[in-house]
Visitor: 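Before I ask anything, let me first share the structure, which is written out below as structure tokens.
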Protein chains: 2
Amino acid sequence: MNRTVSIPKTGPQSCGDCPIRHRAVCARCDDEELVQLEEIKFYRSYQAGQVIAWSADRMDFVASVVTGIATLTQTMEDGRRQMVGLLLPSDFVGRPGRETAPYDVTATTDVVMCCFRKKPFEEMMLRTPHIGQRLLEMTLDELDAAREWMLLLGRKTAREKIASLLAILARRDASLQLREPEGVISFELPLTREAMSEYLGLTLETVSRQISALRKDGIIEIRGKRQITVPDFDRLLEETGDDTDGGFLV
Amino acid sequence: MNRTVSIPKTGPQSCGDCPIRHRAVCARCDDEELVQLEEIKFYRSYQAGQVIAWSADRMDFVASVVTGIATLTQTMEDGRRQMVGLLLPSDFVGRPGRETAPYDVTATTDVVMCCFRKKPFEEMMLRTPHIGQRLLEMTLDELDAAREWMLLLGRKTAREKIASLLAILARRDASLQLREPEGVISFELPLTREAMSEYLGLTLETVSRQISALRKDGIIEIRGKRQITVPDFDRLLEETGDDTDGGFLV
DNA sequence: CATGTCGATTGATCTGTGTCAAGGAAACTT
DNA sequence: AAGTTTCCTTGACACAGATCAATCGACATG
């Protein structure tokens with residue numbers, strides 16, 4: 001089911017071969033510690049649509065996304081589903097100190113993950129406080145993101161939800177791409193309409209209708225089904241319902 | 001505005017005078033480290049309804065709730081509000097490494113907090129890895145709670161939302177109280193209908209109606225406006241939409 | 001005692017989003 | 001090339017929850 005692959009040559013955000021090194025875990029480790037990390041890490045890749053771990057599965061590793069996009073989703077007994085995590089390159093999955101995954105983890109595009117067996121990783125954490133500190137920072141960032149997401153789920157309209165999601169994806173993508181003139185941003189939607197609906201707490205029909213509405217109003221342009229162009233990013237931001245001035249770095 | 005008080009004699013969940021000691025931060029510290037923590041801590045109390053910190057205020061301390069209940073709330077430009085954190089005794093507020101609070105922090109009942117100036121607390125964290133590790137655990141727990149909450153906001157019906165909130169409050173309270181026979185639980189609602197609506201992403205009218213409906217259906221009993229009795233906790237759980245078997249410790 | 005305030009309840013009506021259903025475009029299979 | 005599947009769009013209608021409004025009880029204040 002999961003095939004282990006050789007170390008990928010490049011990842012969009014990795015310096016060297018793995019984002020763990022510079023962002024996810026170990027920005028401040030010394031050489032010897034880095035070598036220890038290198039020794040216990042390995043790579044796995046998954047195809048688009050593949051389930052990485054089912055809820056309540058035993059997860060014996062923690063990992064960092066190298067390329068691609070994965071999601072965390074909760075399911076209710078009657079099948080209602082809510083996405084609770086969107087994992088982009090350099091994001092971290094897995095909780096040291098817990099045996100089983102509490103959510104379904106799914107690859108929505110082809111995904112390469114950099115994995116560490118839990119046991120040696122935990123031992124390593126005890127020896128090198130930097131790793132724990134870095135993990136704390138990352139977890140706090142995730143908590144902030146979750147709280148933004150709660151505002152979206154609890155109080156935003158369908159249109160605001162769509163605009164917010166597009167803004168998030170555009171922003172993440174924009175940092176990778178050469179910026180086109182005057183805030184024009186283009187990117188490929190990495191999610192199906194259904195995945196978007198699970199992110200936003202909507203039905204996929206409503207997602208489709210609101211995307212059409214934003215297109216009709218000139219906020220976005222669409223080629224094919226997934227290629228999005230935002231001609232004026234500020235205008236998109238106005239549709240999100242968020243504070244425009246300042247943003248989240250106030 | 002904030003008056004500093006002498007050390008309170010007892011807190012419901014504190015061993016000694018402060019929950020920091022045994023749960024929040026420092027379960028595994030040795031005596032000397034505990035003494036250091038004691039030296040930099042102080043207490044503050046707030047009255048019900050009082051705002052502890054406004055969004056974007058400078059927060060120069062981190063703190064742990066000793067008694068009472070506080071909330072974190074986000075507000076949109078047009079006034080829509082979403083609660084994003086519910087702080088019960090022994091919960092932690094504040095982020096080491098950040099200057100300003102990103103949310104409104106409000107006392108919904110009278111609250112006593114055990115505070116640490118941020119600077120010395122951060123220095124202490126560097127010296128004693130246990131504190132950082134404990135903080136990481138707590139933050140991961142909060143992240144899990146936030147994700148449960150996202151499922152509630154995105155996918156649950158109004159009735160399920162109310163039942164879920166009552167179950168959460170009942171569970172937190174039940175651990176303090178002597179359990180009445182056969183799963184009967186009584187507790188005082190610590191939130192107004194409005195605060196409940198901000199927690200749940202509903203209007204306060206809908207909250208009121210759904211509480212009335214649960215009462216009519218015999219799931220709960222109410223005396224006065226705030227005193228709730230749950231005659232059969234399992235029946236309440238069935239209304240939450242969550243997996244009944246296993247719960248969250250699967 | 002009258003008056004005002006705050007929190008809560010309840011009713012009437014409106015509306016945004018869900019539900020159900022039909023159909024289209026592109027990619028893949030045989 | 002025809003059929004199948006997957007993903008998406010659009011329409012018609014229903015309904016859960018929002019909105020607007022009136023009222024109530026408890027409590028405080030002058």
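Heavy-atom basis, side chains included; hydrogens, waters and symmetry copies ignored. So you know, we letter chains A, B, ... as the sequences are listed, proteins then strands, and number each from 1.
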Visitor: Could you pick out which residue, B/Q210 or A/K225, lies toward the 5' side of DNA chain D when each is mapped onto its nearest nucleotide?
Guide: A/K225

Visitor: So which nucleotide from C/dT19, D/dA18, C/dT17 ends up closest to the side chain of A/T203?
Guide: C/dT19

Visitor: In plain terms, say whether B/D78 and A/R155 are close enough for a salt bridge, that is, a side-chain N and a carboxylate O under 4.0 Å apart.
Guide: no

Visitor: Students often get this wrong, so: under 4.0 angstrom with heavy atoms, is B/L202 touching a base, only sugar-phosphate, or nothing?
Guide: sugar-phosphate

Visitor: Rounded to whole Å, how long is the line connecting atom CG of B/L204 with atom C1' of C/dG11?
Guide: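 Whole-Å distance recorded here is 15 Å.
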
Visitor: If I take atom CD1 in residue A/I222 and atom P in nucleotide C/dA25, what distance separates them, rounded to the nearest angstrom?
Guide: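 For the pair A/I222 CD1 and C/dA25 P, the rounded distance is 16 Å.
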
Visitor: Heavy-atom distance under 4.5 Å between the side chains of B/W149 and B/M83, does that happen here?
Guide: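 They are in contact (side-chain heavy atoms under 4.5 Å apart), so the answer is yes.
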
Visitor: Would you say the side chain of A/E205 and the base of C/dC20 hold a donor-acceptor pair, judged only by whether the two atoms sit under 3.5 Å apart?
Guide: yes

Visitor: Within 45° of the ring axis of A/F61 and under 6.0 Å from its six-membered ring centre, is that where the NZ or CZ of A/R44 lies?
Guide: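 Satisfied, under 6.0 Å and within 45°.
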
Visitor: A/R215 has an atom CZ; how far is it from atom C1' of D/dT10, in whole Å?
Guide: 11 Å

Visitor: Separation of A/Q227 atom CD from D/dC8 atom C1', in whole Å?
Guide: 16 Å

Visitor: Checking contacts here: which listed nucleotide (D/dC8, D/dG17, D/dA18) is nearest the side-chain heavy atoms of A/S208?
Guide: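 Nearest to the side-chain atoms of A/S208, counting from C-beta on, is D/dC8.
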
Visitor: Report the distance from atom CG of B/L214 to atom C1' of C/dT9, rounded to the nearest whole Å.
Guide: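 My rounded result for the distance is 15 Å.
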
Visitor: Figure out the CZ/C1' separation between A/R80 and D/dA16, and round it to whole Å.
Guide: 13 Å

Visitor: Rounding to an integer number of Å, can you tell me how far A/R81 CZ sits from C/dG18 P?
Guide: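 Nearest whole value for this atom pair: 17 Å.
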
Visitor: Classify A/G49 by what it touches in the nucleic acid, base, sugar-phosphate, or nothing, heavy-atom distance under 4.0 Å.
Guide: nothing

Visitor: Could you check whether any side-chain N or O of B/D232 sits under 3.5 Å from a backbone N or O of B/D234, counting only pairs where one atom can act as donor and the other as acceptor?
Guide: yes

Visitor: Please determine if B/E188 and B/R226 form a salt bridge, counting it only when a charged side-chain N lies under 4.0 Å from a carboxylate O.
Guide: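 Looking at B/E188 and B/R226, the cut-off is not met.
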
Visitor: What I want to check is whether an N or O donor and acceptor connect the side chain of A/E194 with the base of D/dC7 at under 3.5 Å.
Guide: no

Visitor: Within the structure, does a side-chain N or O atom of A/T206 lie under 4.0 Å from either OP1 or OP2 of C/dG18?
Guide: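 Yes, because at least one side-chain N or O of A/T206 sits under 4.0 Å from OP1 or OP2 of C/dG18.
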
Visitor: Hey, does the side chain of B/S212 come within less than 4.0 Å of C/dT10's phosphate (OP1/OP2), counting only N and O?
Guide: yes

Visitor: Could you give the CZ-to-C1' distance, from A/R226 to C/dA25, as a whole number of Å?
Guide: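 Rounded to the whole Å, the gap is 14 Å.
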
Visitor: Looking at B/R193, I'd like to know whether one of its side-chain N or O atoms comes within less than 4.0 Å of OP1 or OP2 on C/dA8.
Guide: yes

Visitor: Taking N and O atoms by type only, does the side chain of B/R209 place a donor or acceptor under 3.5 Å from a partner on the base of C/dG11?
Guide: yes

